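Here the structure comes first, spelled out in structure tokens, and everything after it is commentary.
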Amino acid sequence: MTTFWKPRQSAVPFLLIVALLCAGQAPLPEPVTDQETELGQAVYNQLRDKGEIIESSPLYDSLRPIADAISRVAQPRYNHPFKFFLVHETHPNAFATPGGNVYVVDSLLYFVKNAEQLAGTLCHEVSHTIHRDAMDRLKEQQRIERRELGIALLLGPSLAQMLAIQMIGDLHSLAYSRDVESRADVTGSDICAASGYNPWGLVWLFEEFQNADPNQIPQLLSDHPANGVRVQTLEQHFRENPSVFSKFDSRPESATPLIVPKDATERFLRP
Ligand SMILES: [Zn+2]
């Protein structure tokens, strides 16, 4: 995919050495370096340094088929490769960063009741990336900071790192407006439908949470008063596009069970 990848000039000598050391193997291409990739990489580094990223686990076998199906549909709409990582955190959650990385907290796999609910969550997160919601919010924050500090901030590596720390904090709280969330729900439902996953999964997840313990609710869905509005927006979108959505069964009884190994082992990526 030449659109997405090209070797950086500075990387050429290194790649040559690698090519010489590994005769017969093509050197790995370097991703295009831009602001989104750099921010995404900085968040990845932070999570890796905290020992949160799961390098290998049987849990990936449950996640991968769903993530792959969603990637196939979503990838043409975003110019960096989508990659899904399992992470270990206290609350079930999922979050996406600029650059295409999507993080899924391990306990979310045990928390959801079926494959459609997990797919809905992932489609929602991927849609935030396609809409560049995190970038928009960061730019807005930068505008505010510039005004407050009265200086022009240049995006160097240290600032990228600073923003990454900020971003990790932000992504763990519900900082998007209801409109931004609804827009991600709607695009997410289109992606789920095109991936073959029943887009009612996200609605089922919302409905289930009306009675759930607030501490156990994934943060992307924890904005209780707004959930009713988000369900209404989704249902309206389904009604207005019957050619896409009418073939899907709205009853949770029609859901596909998600097979998740009990007490799965996890090996963590270490810096
Ligand atoms: Zn969201």
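What you see is a predicted model; the values in this text were computed from it and never measured. Counting convention: from 1, in listed order, for ligands and their atoms alike. Because only heavy atoms are used, hydrogens play no part in the values below, and waters and symmetry mates are left out as well, while side chains stay in.
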Can an N, O or S atom be found in Asp185 less than 2.8 Å away from the Zn ion (ligand 1)?
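False for Asp185.
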Is a side-chain donor or acceptor of Thr129 paired with a backbone partner of Ala96 at a separation under 3.5 angstrom?
no
Angle in degrees, rounded to 10°, that NE2 of His124 and NE2 of His128 form at the Zn ion (ligand 1)
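That angle works out to 90° after rounding to 10°.
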How about Gln232 and Gln236: does a side-chain donor come under 3.5 Å of a side-chain acceptor?
no
In terms of side-chain heavy atoms, does Ser182 have a donor or acceptor partner in Asp179 at a distance below 3.5 Å?
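Looking only at side-chain atoms, Asp179 and Ser182 do not form any donor-acceptor pair under 3.5 Å.
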Out of the N/O/S atoms in Glu181, what is the name of the one closest to the Zn ion (ligand 1)?
OE1
Smallest separation among heavy atoms of Glu89 and Leu47, with atom names:
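For Glu89 and Leu47, the tightest heavy-atom pair comes out as OE2-CD2, 4.2 Å.
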